[in-house]
Asker: 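Take this structure, written in structure tokens, and hold onto it; I'll ask about it next.
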Amino acid sequence: MAQLDAYSYRHDHAVPDFDDARPILIFDGYCALCSGMARFVLEYDRRGAVRLATAQSTLGEALFRHFGLKNGDYSTNILLFEGRALEKSDGSLKLFELLGPPWSLLAVARLAPKDWRDALYNIIARNRLRWFGARETCFAPSTVEAGRFIQ
């Protein structure tokens, strides 16, 4: 993924304007594992610190392109945090930190070398659809959850 300045997407005319005051998890809406993670965030992020967007949404696709990720290859989630895109293990661990205790305790995994963490992430990402399945339709929030999503 391209390492760009914080909030660089604000100057990219291909990225629609959006409220980036809170972190945003961008996930594959067809992947059952990724959609499960979104459900997990909705359930355990009691403060509503994290908003969500599917990678297939207009915003999700634009941000994937902006950060140099291949359109249609959603083998990583992106956590947009303080204007920067965190992917793979860094994004996942930061997400758990944002959820607070007890989930933030998983951040101890940062003690492992990033190469090892990302290698494990890549194995799961490569096999996620085979192991966990795919949804027939893209993840859609309920009317109660809709305020947490950015389209």
Side-chain angles (χ1 to χ4, degrees), residues 1-12 14-16 18-132 134-135 138-139 141 145 148-151:
M1 178 181 334
Q3 295 297 320
L4 304 171
D5 292 336
Y7 302 101
S8 62
Y9 51 82
R10 289 179 177 172
H11 308 292
D12 184 339
V15 176
F18 64 100
D19 177 7
D20 59 2
R22 292 183 286 169
I24 302 168
L25 175 66
I26 305 163
F27 67 97
D28 180 352
Y30 285 101
C31 167
L33 175 64
C34 306
S35 295
M37 180 56 126
R39 284 254 164 253
F40 182 86
V41 169
L42 289 168
E43 183 173 345
Y44 292 103
D45 179 18
R46 301 194 196 295
R47 297 171 299 149
V50 178
R51 295 174 66 200
L52 301 109
T54 63
Q56 292 83 0
S57 67
T58 302
L59 177 62
E61 287 180 352
L63 287 170
F64 263 73
R65 279 191 306 274
H66 176 78
F67 289 111
L69 296 168
K70 189 171 146 189
N71 194 20
D73 177 13
Y74 306 123
S75 59
T76 184
N77 292 329
I78 295 174
L79 181 66
L80 199 58
F81 179 73
E82 296 180 349
R84 297 196 185 277
L86 303 176
E87 66 171 338
K88 300 186 181 190
S89 65
D90 285 341
S92 296
L93 294 174
K94 177 54 81 176
L95 177 64
F96 286 122
E97 287 177 26
L98 293 169
L99 294 179
W103 311 111
S104 57
L105 297 174
L106 293 171
V108 71
R110 286 195 195 282
L111 297 174
K114 180 176 172 37
D115 290 345
W116 294 4
R117 296 187 332 249
D118 283 350
L120 176 60
Y121 187 101
N122 289 337
I123 290 168
I124 295 168
R126 240 187 343 266
N127 295 291
R128 72 192 193 286
L129 297 175
R130 186 175 32 172
W131 292 348
F132 301 98
R135 300 170 48 91
C138 192
F139 184 94
E145 301 163 338
R148 299 279 304 276
F149 277 75
I150 301 175
Q151 300 298 319

Asker: For Arg135, check side-chain hydrogen bond (donor to acceptor under 3.5 Å, both in side chains) against everything at least two apart and list the hits.
Answerer: none
Asker: Phe132: what forms a ring-ring contact (aromatic ring centres under 6.0 Å, His included) with it, not counting sequence neighbours?
Answerer: none
Asker: Mind checking the CZ-OH spacing from Arg39 to Tyr44? Nearest 0.5 Å is all I need.
Answerer: 13.0 Å
Asker: Any side-chain heavy atom of Val50 within less than 4.5 Å of one from Leu95?
Answerer: yes
Asker: At what distance, to the nearest 0.5 angstrom, does CZ of Phe64 lie from OG of Ser57?
Answerer: 9.5 Å
Asker: How far apart are the closest heavy atoms of Gln56 and Cys138, and which atoms are they?
Answerer: OE1-SG, 3.8 Å
Asker: Are Tyr30 and Tyr74 close enough that their ring centers fall under 6.0 Å?
Answerer: no
Asker: Tyr9 and side chain to side chain contact (heavy atoms under 4.5 Å, CB included): which partner among Asp20, Leu4, Leu59?
Answerer: Asp20
Asker: Can you tell me how far CG of Leu25 sits from CE of Met37, rounded to the nearest 0.5 angstrom?
Answerer: 7.0 Å
Asker: Just wondering, do Leu63 and Ile24 contact through their side chains at under 4.5 Å, heavy atoms?
Answerer: no
Asker: So which heavy atom on Ile26 is nearest to which on Gly60, and how close?
Answerer: CG2-CA, 3.9 Å
Asker: Can you spot which of Asp90, Asn122, Leu111 makes a side chain to side chain contact (heavy atoms under 4.5 Å, CB included) with Arg117?
Answerer: Asp90
Asker: Does the side chain of Leu120 come within less than 4.5 Å of Ser89's, by heavy atoms?
Answerer: no
Asker: Could you tell me whether the side chain of Arg84 reaches within less than 4.5 Å of the side chain of Tyr7, counting heavy atoms only?
Answerer: no
Asker: Within this structure, what is the CZ-CZ distance for the pair Phe96 and Phe40, rounded to the nearest 0.5 Å?
Answerer: 5.5 Å
Asker: Are Leu93 and Leu86 packed together at the side-chain level, in the sense that at least one heavy-atom pair is separated by less than 4.5 angstrom?
Answerer: no
Asker: I want to check something: taking the side chain as every heavy atom from C-beta on, are Tyr121 and Thr76 in contact at a cut-off of under 4.5 Å?
Answerer: yes
Asker: Side chains of Phe67 and Leu80: does their closest heavy-atom pair fall under 4.5 Å?
Answerer: yes
Asker: Of all heavy-atom pairs between Thr58 and Pro16, which one has the smallest distance, and what is that distance?
Answerer: CG2-CG, 4.1 Å
Asker: Heavy atoms only: give me the nearest Gly48-Arg22 pair and the separation to one decimal.
Answerer: O-NH1, 2.6 Å
Asker: What's the shortest heavy-atom distance between Arg51 and Asp19, and which atoms?
Answerer: NH1-O, 3.2 Å
Asker: Mind checking whether Asp118 and Glu87 have side chains closer than 4.5 Å, heavy atoms only?
Answerer: no
Asker: State whether Arg128 and Asp28 are salt-bridged, where the test is any N-O pair (Lys NZ or Arg NE/NH1/NH2 against Asp/Glu carboxylate O) under 4.0 Å.
Answerer: yes
Asker: How many angstroms lie between atom NZ of Lys94 and atom CZ of Phe81, to the nearest 0.5 angstrom?
Answerer: 4.0 Å
Asker: Enumerate, atom names and distances included, each donor-acceptor pair closer than 3.5 Å involving a side-chain atom of residues 98-110, sequence neighbours excluded.
Answerer:
residue: Arg110; atom: NE; partner: Glu97; partner atom: OE2; Å: 3.0
residue: Arg110; atom: NH2; partner: Glu97; partner atom: OE2; Å: 3.2

Asker: Closest approach of Arg46 and Glu43, non-hydrogen atoms and distance?
Answerer: NH1-O, 3.1 Å
